[in-house]
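Just below is one structure, and these are the notes that go with it.
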There are 2 protein chains.
Amino acid sequence: MTQTNKRGRPRKFDEDETLDRIMQVFWKHGYAATSLDQIAAETGLNRPSLYGAFGSKKSMFLQALDRFSDQMHVHLREAGMSAKGANGRMKAIMSAAIDLYTGRTRLSGAPYGCLAISTLPSEAAQDPEMQAALEKMVHRMDKGFASLIRYENGTNLTEPDIQAKAQQLSLVLHGISIRARSGTDANSLKQLAYSAVDSLLPVT
Amino acid sequence: MTQTNKRGRPRKFDEDETLDRIMQVFWKHGYAATSLDQIAAETGLNRPSLYGAFGSKKSMFLQALDRFSDQMHVHLREAGMSAKGANGRMKAIMSAAIDLYTGRTRLSGAPYGCLAISTLPSEAAQDPEMQAALEKMVHRMDKGFASLIRYENGTNLTEPDIQAKAQQLSLVLHGISIRARSGTDANSLKQLAYSAVDSLLPVT
DNA sequence: GTCATTTTATACCAAATCGCATAAAAACAT
DNA sequence: ATGTTTTTATGCGATTTGGTATAAAATGAC
């Protein structure tokens, strides 16, 4: 056991809660348009404290993104558990994602779409780290969908087919996050998503 | 006929060519991360000239976006003409869009995805004009796909079905533009797109 | 209590930002 | 030529940017 004795002046803020607030600011305004002053105002901290806890602006953003990714995948995984069969589980996941994108969860307070899809593309072309982060997010979703299909599949689909279907579903969800950001309501999005799931993973 | 006599000092630059260059800068860096100095350097003009010709930064961006939208739709329409049947035409359109997204056309010099999908989402939540522009881009694509399906359809699909299919295809293409921006190569994207088209518009 | 350590708060800095004021330059009208 | 009009070029200027230096404050160690 490492000693966890706190030396020096104690922090006035909770790191996770602060990172949640940071996430919200980036989620709304994107990366470039967010200033450290905005973040300071929203978190109640001042810039030196922010820098001490999370490093540079980019480092802060990437940490918020990781946190978003983890929380989103927990959220979707839980939703997937609540139904049966590939078709049903995928619809539940789509529904949960759309709730997230349209501001109907505790994680998302407003219809800001997907943090990654809404903010990373504008940075990806000028910053390899941002591009890598985008690629990682996309691949993580691909892998998650593939493993669900693989698990629920009655050996009907070959592995390449599984991968292809998973990518198709990711495509659809990314497109849906764009539409959520453009103002489309949750019900319309769910109709779209369900019909996409039905055509890709028909009920057996 | 209004007299088109040019009064005053003649311009040293071509407006369309300059707008093309402006478009490239926004395409690569997004809206917020692009500075007027960058644009000035890239176009060879100085800021007052830019302002005189195109107005504010946002006005410049929206004009570049309109130009992109028009040129893209010409590009896709031409591609659609080159094939027969709903399935074939849609595949040709997808292929042309992917060429555009991956920097394989004269319009796009690099694999920067779609100007609209790569840059607008990050601005949409804080600026209603940007959100409206994003919505307009999405709807324009929906309408284009719907009219193609409607035209090629042998009265098999009802109008709501046509709209739904069109939106599905838009979803797919938006997702593909995200992947293009994340670095996926053109061939992989085309495989994805073709298989999506086959499942949504099967050959009769 | 005194020292070491860590966080906070204020203030600063150099660079970059958008927009515009001002004046020179280049054309046409008369 | 002289004046009018439009574009160019230089440069200002107030604001904002990300990051940090400095010092005060708050804790534990001894």
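Letters A, B, ... are given to chains in the order of the sequence lines, protein chains preceding strands, and every chain is numbered from 1. Computation of the quantities below employed the complete heavy-atom set of this structure, encompassing side-chain atoms and omitting hydrogens, waters and symmetry-equivalent molecules.
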- Note on the structure: If each end axis of the helix from C:dG1-D:dC30 to C:dT30-D:dA1 is fitted on five C1' pair positions, the angle between them, to 10 degrees, is 0°
Looking only at the side chains, is there a donor atom on one of [X] and [Y] sitting less than 3.5 Å from an acceptor on the other?
| X | Y | answer |
| --- | --- | --- |
| A:Thr105 | A:Ser108 | yes |
| B:Ser49 | B:Asn46 | yes |
| A:Gln167 | A:Gln163 | no |
| B:Ser59 | B:Gln63 | yes |
| A:Gln131 | A:Glu135 | no |

- Query: Are A:Arg140 and A:Asp70 ion-paired here, with the side-chain N under 4.0 Å from a carboxylate O?
  - Reply: yes
Of the nucleotides [options], which has the atom closest to the [X] side chain?
| X | options | result |
| --- | --- | --- |
| B:Arg7 | D:dT5, C:dG19, D:dA26 | D:dT5 |
| B:Pro10 | C:dA26, D:dT8, C:dT17 | C:dA26 |
| A:Lys12 | C:dG19, C:dT8, C:dA4 | C:dT8 |

Rounding to a whole Å, what distance do you find between [X]:[atom1] and [N]:[atom2]?
| X | N | atom1 | atom2 | value |
| --- | --- | --- | --- | --- |
| A:Phe13 | C:dT6 | CZ | P | 15 Å |
| A:Asp37 | C:dA9 | CG | P | 15 Å |
| B:Leu45 | D:dT10 | CG | P | 13 Å |
| B:Glu15 | D:dT7 | CD | C1' | 13 Å |
| B:Arg11 | C:dA25 | CZ | C1' | 16 Å |
| B:Phe61 | C:dG19 | CZ | C1' | 20 Å |
| B:Ile39 | C:dA16 | CD1 | C1' | 15 Å |
| A:Tyr31 | D:dT17 | OH | P | 13 Å |

- Query: Does the C:dG19 base have a donor-acceptor partner in the side chain of B:Arg47 within less than 3.5 Å?
  - Reply: yes
- Item | A:Leu173 side, atom CG; A:Leu76 side, atom CG - distance, nearest 0.5 Å | 7.5 Å
Phosphate OP1/OP2 of [N]: any [X] side-chain N/O under 4.0 Å:
| X | N | result |
| --- | --- | --- |
| B:Tyr51 | C:dC18 | no |
| A:Ser35 | D:dT16 | no |
| A:Ser49 | C:dT7 | no |

- Report yes or no: is the cationic atom of A:Lys57 (NZ for Lys, CZ for Arg) under 6.0 Å from the centre of the six-membered ring of A:Tyr31, at an angle within 45° of the ring normal? yes
- Task: Could you tell me whether the side chain of B:His174 and the main chain of B:Ser170 form a donor-acceptor pair under 3.5 Å?
- Result: yes
So which protein nitrogen or oxygen atoms get under 3.5 Å of nucleotides 21-25 of chain D's nitrogens or oxygens?
residue : atom : partner : partner atom : Å
D:dA25  : N3   : A:Arg9  : NH1          : 3.4

- Message: For the CD atom on A:Glu42, are there more than 12 heavy atoms of other groups (residues, nucleotides or ligands in this structure) within a distance under 6.0 Å?
- Response: no
- Query: More 5' along DNA chain D: B:Gly8 or B:Asn46, using each one's nearest nucleotide?
  - Reply: B:Gly8
